[in-house]
Amino acid sequence: MTIKVEGVGFRSKRGPVLIALMLSTSLVAIDATIVATAVPSIVSDLGGFSSFPWIFSAYLLAQAVSVPVYAKLSDIAGRKPIILTGISLFLLGSILCGLAWSMPALIIFRVLQGLGAGAVQPVAITIVGDLYSLAERAKVQGYLASVWAVSSVVGPVLGGVFSSIGIWRGIFLVNIPLCILAGWMLLRNFHESVEPVKHRVDYLGAALLTSALSLLILGALEGDQAWAWNSPISIGVLGSGAVLLAAFLLVERRAAEPVLPPWVVSRRLLATTALISFGVGAILLGLTAYVPTFLEGTLSVSPVVAGLSVAALTIGWPVSASQSGRLYLRIGFRATALIGISVTVIGTGALAITAYTPNVVMVASSCFVIGLGLGLVSTPALAAAQSSVEWNERGVVTGANLFARSIGSALGVAVFGAIANAIYAGEPNGGMSLPVVEASSAVFLALAITAALSIVTVMAMPSTVHRPSSPRGKKSGPLLEKVPTSDGREPSRRDPTRVCGDLQNPDGDHH
């Protein structure tokens, strides 16, 4: 018997859900680029110049610490109520940000936005893992990655337009129709069946994790900025965070349903893919934060040109992400990620080598190459992690992966900032700011080293993907997915040596 294999695009049965997920992702993606261009207008209207970095830090902090909590809740209550809650919080935060009357009020409302974003991004990716097969997942991830590519261009342009006409509040109010449309489409088109099972929510673990990470990320973001690294407040913040984190680990060992189960870091595949995501986050935000400064400080290019140079990064990413499935279905997850991280090393190395001879085309080209590499790293790593667990663990695994990326971004910016600030103390030399060149060169070198170290992490990935246990309670064999054939014939149980280097599953378990 033959069956018709459903397509992946917008016209397929799952198309409306895919569009809704892309709209949901666009909320986070546009917000990542639209706010920066409006900072001068915001400061001019509200004041508080010394506090404006918290517009970004508060959002990033709230998003990072809430991801593991939402991810666990999505495994308990289902994906739909959690992502709708995130969209609602983001909508409320956007409205309040648009009505903010002072800088402290705007910062508080940005926290609310961040709490919404903490649910939207990981749950959207988790839904992709639920709805699409391993063969389809890379293409769908390409669709989501394209949202970031478009947003990297649309965000700065919209922010610049709203700022130039004196209505910076529009950068937040533009989210209102997007939130309403995304929420309506999910309500209408996304349906799931969650078995009603009584759960014990780990409130203590969630509170300890949120508090610990808030303090640790706060210390990392503000170290050498608001206070010196060796100051009493820095030691107190970081020390308190470490103590709370230790308490969280002790609580999780005894919790009936821990918010971040110990097995997330004890399984080799999940630990290595999380470390890969950590490195991706550091590289991604490091480039986003320092490439514009480098170009504006050395070549005096406009912010738009500098922003478009960085946009090349998020153009290369979806190109490779959408095609990565063809690779990892043939040569495996680890081999595909290894190719990607090697390409990333080449791109970051080229950026570091050419820093003393700045050129817009060269920088944009390097960013494009880095984007190609990151797309080939992040997609197979996440697909491998999601494919190694059952539905009721996939939210936690996805959340842990994206949480690692957020932590990598936060700590990466802190480390790269410390490197740059140590060099910025110099004086400009002639027509080119030598400290900017030297600081940027040092940051780009640090990015290349980060990429090179990530090669070791990729090499440590298991060559096979196993589920640790089957529904029957016994150890399952290597994971075997049903892979649709290109000519529409019934999906076959392919030899996993062609899928991910595994042997046939003796128990017959598959997604």
Side-chain angles (χ1 to χ4, degrees), residues 67-68 71-72 74-75 79 122-123 125-138 140-141 257-278 280 321 324-325 327-338 340 376-405 457-483 493-511:
V67 163
K72 178 61 179 178
S74 76
D75 284 340
R79 323 301 189 203
V123 178
I125 296 178
T126 304
I127 292 174
V128 168
D130 292 340
L131 294 182
Y132 295 93
S133 70
L134 178 63
E136 298 169 327
R137 213 168 292 156
V140 177
Q141 292 289 358
E257 295 188 42
V259 66
L260 193 61
W263 56 259
V264 171
V265 293
S266 64
R267 298 180 190 174
R268 181 178 162 193
L269 174 65
L270 300 182
T272 51
T273 52
L275 286 174
I276 291 169
S277 188
F278 180 93
V280 168
S324 63
L327 272 178
Y328 67 60
L329 288 174
R330 290 180 178 273
I331 65 176
F333 295 121
R334 185 174 68 179
T336 304
L338 188 59
L376 288 177
V377 174
S378 61
T379 303
L382 180 58
Q386 288 183 330
S387 298
S388 69
V389 297
E390 302 288 352
W391 182 93
N392 64 328
E393 296 178 337
R394 190 173 294 144
V396 166
V397 167
T398 305
N401 194 277
L402 295 182
F403 170 69
R405 186 183 299 182
T457 307
V458 173
M459 290 295 294
M461 279 183 65
S463 59
T464 58
V465 178
H466 293 263
R467 283 204 194 100
S469 62
S470 70
R472 292 181 293 278
K474 59 183 179 180
K475 186 175 181 180
S476 170
L479 177 68
L480 179 61
E481 297 257 3
K482 282 190 175 182
V483 183
R493 293 173 61 86
R494 289 187 181 179
D495 179 356
T497 56
R498 297 172 59 190
V499 177
C500 51
D502 300 336
L503 300 176
Q504 184 108 5
N505 185 344
D507 291 337
D509 292 335
H510 60 271
H511 273 311

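- Residues M459 and R334 approach most closely at O-NH1, 3.5 Å, considering heavy atoms.
- Nearest heavy-atom pair, L376 versus G340, reported as atom, atom and distance to 0.1 Å: CB-CA, 3.5 Å.
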Output, in order, the C-alpha distance, side-chain angles, deciding distance and verdict of side chain to side chain contact (heavy atoms under 4.5 Å, CB included) for I125 and Q386.
CA-CA 10 Å; I125 296 178; Q386 288 183 330; 3.7 Å; yes
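- The shortest non-hydrogen separation linking A404 to A274 is CB-O, 3.2 Å.
- Of all the heavy atoms in R268 and M461, the pair that sits closest is NH2-O, 3.8 Å.
- The minimum heavy-atom distance linking T273 with A381 is given by the pair CG2-O, 3.4 Å.
- Side chain of S277 to main chain of N401: a donor-acceptor pair is present (N/O by atom type, distance under 3.5 Å, no hydrogens or angles).
- Using a 4.5 Å heavy-atom cutoff, the side chains of T272 and P462 are in contact.
- One finds the CZ atom of R405 at 7.5 Å from the CG atom of L382 (value rounded to the nearest 0.5 Å).
- To the nearest 0.5 Å, the span separating OG1 on T336 from CD1 on I331 amounts to 4.0 Å.
- To the nearest 0.5 Å, the span separating CG on L131 from CZ on R79 amounts to 9.5 Å.
- With hydrogens and angles ignored, the 3.5 Å screen pairs no side-chain donor or acceptor of S387 with any backbone N or O of A384.
- Nearest heavy atom pair, residue V377 against residue A337, reads CG2-O, 3.6 Å.
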